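Report on one structure; see the data block that follows.
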Number of protein chains: 2
Amino acid sequence: MSENVGRWLRDEIENSILSNEFSPGERLDETVLATRFGVSRTPVREALMQLDAIGLIEIRPRRGAIVIDPGPHRVYEMFEVMAELEGLAGSLAARRLDKASREAITATHSRCEQSAAAGDSDAYYYDNEEFHKAIYAAGRSDFLEEQCLQLHRRLRPYRRLQLRVRNRLSTSFSEHCAIVDAIFAGDGDAARRLLRGHVGIQGERFSDLVASMAAR
Amino acid sequence: MSENVGRWLRDEIENSILSNEFSPGERLDETVLATRFGVSRTPVREALMQLDAIGLIEIRPRRGAIVIDPGPHRVYEMFEVMAELEGLAGSLAARRLDKASREAITATHSRCEQSAAAGDSDAYYYDNEEFHKAIYAAGRSDFLEEQCLQLHRRLRPYRRLQLRVRNRLSTSFSEHCAIVDAIFAGDGDAARRLLRGHVGIQGERFSDLVASMAAR
DNA sequence: GTCAACAATCGTGTATACAAGAATAGCATT
DNA sequence: AATGCTATTCTTGTATACACGATTGTTGAC
């Protein structure tokens, strides 16, 4: 547990939302949460205020908190921004790559290769995250890295859905290969372009997303 | 005043930080703030939790809240991300421009022209904001617009410093002209590139920023 | 004279109490 | 039977009280 109850609750409720334990639109009753976690309402409220500030829930004055439902269109917009930020991270990584980052990217990349070869989508889901995080870090921009990590977290559930789509695993991995080549070659523009294409959800991939969101 | 004291306090403290009334590194004492605003500590704490979540302050457990000091390097990173997001907004605006957005951009653009011609840097500061906001809105991506507005707010004080630099006013306005042309011509790539250049602080503009930050 | 240990004080973290607004159910009226 | 008004209940918003950890100042020993 974190150092104070408020933060712990924030993480706990955030995870519950992101793992769809609290569904979008659901009302979060302060008293219920307080008794459920065995604390008073005070730290619960503090956690909710923070989640409101992050944008995960909405607190309507005097009418309680509800989990925000992004809806397919907004999720698309979030992926669009994510693509842009990752593109920037990639182009910076290509320019600033050092030995440690290079090794981190290589390591996570080969782990992706193994999971993809094994067809293990759960393992790939995890390794893929680490691969992208290695690129954020390689960009050597703390602020950009934070922004990327935050958006990444929020988009987590939807990423997972996407990997379920047929052939997405091998397609994703071959895109990774091209991205790694561009970064290692120091070609920032190519890295940017490839990452934008890899992360964004154009055309049919958007329909896939809508379909899998509707399926829940 | 907002509907509840917590939100009102959040805005109030946020403005105080952004207008440098609370300087970076300064400690924010809950009791002091509470008496100053004539409320109890509870809403003050809620406001602080939110500001912590946004990233404006840092709450160290049991040791109080301090205003975050970004430092020149981090401010540079923030402008880098801002440039990327504005670039995306511009490219979307070029593609999706409709009549209302076109008129909004034209209106704010010509207001910038007047302030620039008058050499009124305070007026230009305000009109410039509206111009950029018009572009965010023209992109027709709610999420992107929100992100842009949020970052824009945080960078506000530094933007203001930049305008003080000699000749920056007329340079800025001529860059605006090129941006408007690109958007109106439907040239997304050009709009993206021009906005990235306009917003980012490369080369000597970074030294200007450092100098003006040190001057305070 | 310096450093360490202990005590006192100050400020944060959590719980609880109370007030006020919103939701709801019941009653009356058409 | 349906709709509108009222009263009750339930939940949120704010204040206050209390406990615990951190900071600081003082005293004593080396």
Side-chain angles (χ1 to χ4, degrees), chain A residues 1-18 20-70 150, chain B residues 1-18 20-70 150:
Chain A
M1 162 176 350
S2 190
E3 47 254 318
N4 66 22
V5 182
R7 307 229 168 167
W8 170 62
L9 277 177
R10 169 171 60 75
D11 296 341
E12 208 67 27
I13 299 175
E14 180 178 1
N15 288 334
S16 298
I17 292 173
L18 291 180
N20 217 35
E21 191 180 332
F22 296 132
S23 17
E26 183 173 343
R27 174 125 172 275
L28 297 177
D29 188 295
E30 296 176 359
T31 312
V32 172
L33 288 171
T35 54
R36 165 170 168 174
F37 289 107
V39 297
S40 84
R41 274 178 52 222
T42 308
V44 171
R45 299 202 88 227
E46 295 188 341
L48 292 180
M49 310 292 324
Q50 292 184 69
L51 294 175
D52 177 77
I54 294 175
L56 266 176
I57 67 173
E58 184 191 347
I59 298 182
R60 303 159 303 175
R62 291 242 169 235
R63 301 183 54 227
I66 56 168
V67 179
I68 283 192
D69 179 11
Q150 193 177 329
Chain B
M1 159 170 357
S2 190
E3 48 253 317
N4 64 23
V5 182
R7 308 232 169 167
W8 170 63
L9 278 176
R10 168 170 60 72
D11 296 341
E12 209 65 27
I13 299 175
E14 181 177 359
N15 288 334
S16 299
I17 292 173
L18 291 180
N20 216 34
E21 192 180 333
F22 296 132
S23 15
E26 184 173 343
R27 174 121 174 274
L28 298 177
D29 189 297
E30 296 176 0
T31 312
V32 172
L33 288 172
T35 55
R36 166 169 168 174
F37 289 106
V39 296
S40 83
R41 276 179 50 223
T42 308
V44 172
R45 298 203 88 229
E46 296 188 340
L48 291 180
M49 310 289 327
Q50 293 183 71
L51 294 176
D52 177 80
I54 294 174
L56 266 178
I57 67 174
E58 183 191 346
I59 298 181
R60 303 160 301 174
R62 289 242 170 235
R63 301 183 54 227
I66 56 169
V67 179
I68 282 190
D69 178 11
Q150 192 176 331

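Each chain gets a letter, A, B and so on, in the order its sequence line appears, and its residues count up from 1. These figures come from a predicted structure and were not determined experimentally.
Each of B:Pro61 and A:Ala65 lies near DNA chain D, and the nucleotide nearest A:Ala65 is the one positioned closer to the 5' end. Nearer the 5' end of DNA chain C, as judged by each residue's closest nucleotide, is the contact made by B:Asp29, out of B:Asp29 and A:Gly38.
Rounded to an integer number of Å, the gap from A:Arg27 CZ to D:dT12 C1' is 9 Å. With rounding to whole Å, B:Leu28 atom CG is found 14 Å from C:dG11 atom P. Note: CZ (A:Arg10) to P (C:dT14) measures 13 Å, nearest angstrom. Atom CD1 in B:Ile59 sits roughly 16 Å away from atom P in C:dG11 (whole-Å rounding). In this structure, CG of A:Asn4 is placed 13 Å from C1' of D:dC20, rounded to the nearest angstrom. Regarding B:Arg63, its CZ atom lies at a distance of 15 Å from the P atom of D:dG21, rounded to whole Å. For the pair B:Arg7 CZ and D:dT12 C1', the interatomic distance rounds to 12 Å; values are reported in whole Å. The interatomic distance linking A:Leu48 (CG) with D:dT12 (P) rounds to 9 Å, in whole Å.
Panel note: side chain A:Asn4, backbone A:Arg7; a donor-acceptor pair is recorded below 3.5 Å. Proximity of a side-chain donor or acceptor of B:Asp52 to a complementary backbone N or O of B:Leu48 within less than 3.5 Å is not detected. Listed for the A:Thr35 side chain is a donor-acceptor partner under 3.5 Å among the backbone atoms of A:Val32.
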Enumerate all atom pairs, one protein N or O and one N or O from nucleotides 16-19 of chain C, separated by less than 3.5 Å.
from	atom 1	to	atom 2	distance (Å)
C:dT16	O4	A:Thr42	OG1	3.3

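Considering every non-hydrogen atom in both B:Ile59 and B:Ala65, the closest pair reads CG1-CB, 4.0 Å. Considering every non-hydrogen atom in both A:Gly55 and A:Ile68, the closest pair reads O-CD1, 3.6 Å.
Using a cut-off of 4.0 Å between Lys/Arg side-chain N and Asp/Glu carboxylate O, A:Arg63 and A:Glu30 are scored as not salt-bridged.
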